[in-house]
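Reviewing the structure listed below.
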Amino acid sequence: LDCSQPLLAPTAVLAGEWGRNQFAKATVFSVNPTDKYFQEVEIRLRSSITPRSCTGYEVFFRCLKTSDAYAEIVRWNGKIGDFTSLARKVGPEFGVQHGDVIEACVTGNDLKGFINGVEVISASDDRFPAGSPGVGFNFFVGDTNVDHGLASFEVDTYDD
């Protein structure tokens with residue numbers, strides 16, 4: 001993991017060479033969910049971190065099962081805090097809770113997000129053809145950062 005560069009949000013990407021098509025799967029850890037903060041669990045795809053730059057895709061879910069829950073796919077454009085939303089879904093069916101399994105994949109230009117094996121969000125984009133998988137979390141969550149995260153994380157990649 002390369003955690004050496006400061007970012008606006010806690011983010012880590014795996015080192016090494018990874019295939020263009022990427023699949024990641026994680027188990028959600030979430031206790032004491034709250035609507036006061038935006039507790040998120042995030043899977044990164046085709047990402048790259050360099051000094052003062054973070055690029056790639058992020059598929060993420062709010063740790064909440066209310067009408068304020070959401071799933072979103074964004075493209076990180078490089079400059080710190082500069083991202084573009086590619087798709088966003090809101091509602092209790094798009095949030096996650098403790099023990100849920102989240103998955104994200106990019107195949108060609110198609111990005112998808114899943115909760116417990118059910119596709120819940122998708123988008124297409126061709127900006128980043130390569131990069132590493134990883135994880136991320138929202139930064140501004142007060143002292144609740146210990147209340148959410150990932151209990152497991154696994155990745156598979158391949159080229160066309």
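- Considering all non-hydrogen atoms of both residues, I115 and G95 come closest at CD1-O, 3.7 Å.
- Across every non-hydrogen atom of G16 and S132, the tightest pair is O-OG, 3.8 Å.
- In this structure, R127 CZ and Y57 OH are separated by 7.5 Å, a value rounded to the nearest 0.5 Å.
- Taken to the nearest 0.5 Å, the CG atom of L86 stands 5.0 Å off from the CG atom of D125.
- Counting non-hydrogen atoms of neighbouring residues, nucleotides and ligands closer than 6.0 angstrom, the NZ atom of K65 exceeds 12 such neighbours.
- Looking at F23 and T107, their side chains never come closer than 4.5 Å, going by heavy atoms from C-beta outward.
- Looking at R62, K89, E40 one by one, the single match for side-chain hydrogen bond (donor to acceptor under 3.5 Å, both in side chains) with Y70 turns out to be E40.
- The backbone N or O of A104 lies less than 3.5 Å from no partner atom in the side chain of Q22, so there is not a single donor-acceptor pair.
- When hydrophobic clusters are built by joining Ile, Leu, Val, Met, Phe, Trp and Tyr residues whose side-chain heavy atoms come closer than 4.5 Å, directly or via intermediates, V155 is grouped together with L150.
- Among the candidates T144, T34, D147, the single residue satisfying the side-chain hydrogen bond (donor to acceptor under 3.5 Å, both in side chains) test with Q39 is T144.
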Practice prompt. Let me see the working for N77 and T84 under side chain to side chain contact (heavy atoms under 4.5 Å, CB included), right down to the final yes or no.
Written response: CA-CA 7 Å; N77 299 308; T84 301; 3.0 Å; yes
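- R46 places a side-chain N or O within 3.5 Å of a backbone atom of F128 that can act as its donor or acceptor partner.
- Closest non-hydrogen pair, V41 versus C63, comes out as CG1-SG, 3.9 Å.
- Counted by atom type alone, D126 and N109 present zero donor-acceptor pairs between their side chains at under 3.5 Å.
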Practice prompt. Run the numbers on E119 and I121 for side chain to side chain contact (heavy atoms under 4.5 Å, CB included), then give the verdict.
Written response: CA-CA 6 Å; E119 182 180 329; I121 193 163; over 6 Å; no
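- Judged by distance alone, the side chain of S47 and the main-chain N or O of L45 form a donor-acceptor pair under 3.5 Å.
- Under the 4.5 Å side-chain heavy-atom criterion for grouping Ile, Leu, Val, Met, Phe, Trp and Tyr, V135 is connected to W18 within one hydrophobic cluster.
- Considering every non-hydrogen atom in both V59 and G113, the closest pair reads CG1-CA, 3.8 Å.
- Using a 4.5 Å cut-off on side-chain heavy atoms (C-beta onward), I49 and T11 make contact.
- Note that CZ of F61 and CD1 of I102 are 5.5 Å apart. Values are rounded to the nearest 0.5 Å.
- Cluster membership for F114 and I43, using ILVMFWY side-chain heavy atoms within less than 4.5 angstrom, is not shared.
- The ring-ring contact (aromatic ring centres under 6.0 Å, His included) search around F83 returns W76, not counting sequence neighbours.
- When all heavy atoms of A123 and I73 are compared, the pair lying nearest together is N-CD1, 3.9 Å.
- At a threshold of 4.5 Å between side-chain heavy atoms, the hydrophobic network of Ile, Leu, Val, Met, Phe, Trp and Tyr places V31 and V141 in two separate groups.
- A distance of 11.5 Å separates OH of Y37 from CG of D35, quoted to the nearest 0.5 Å.
- The shortest distance between side-chain heavy atoms of F153 and K25 does not fall below 4.5 Å.
- Aromatic rings of F29 and H148 (six-membered ring for Trp) have centroids beyond the 6.0 Å cut-off, not under it.
- No donor-acceptor pair closer than 3.5 Å links the side chain of S124 to the backbone N or O of D110.
- Within the structure, side-chain hydrogen bond (donor to acceptor under 3.5 Å, both in side chains) pairs that include any residue of residues 151-160 comprise R20-D160, N21-D160, T27-S152 (at least two apart or interchain).
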Item to complete: For the pair Q97 and S30, evaluate side chain to side chain contact (heavy atoms under 4.5 Å, CB included) and give the outcome as yes or no after the intermediate values.
Response: CA-CA 6 Å; Q97 60 191 0; S30 176; 5.7 Å; no
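- Between P33 and L64 the shortest side-chain heavy-atom distance falls below 4.5 Å.
- Side chain of E42 to backbone of F137: a donor-acceptor contact under 3.5 angstrom is found.
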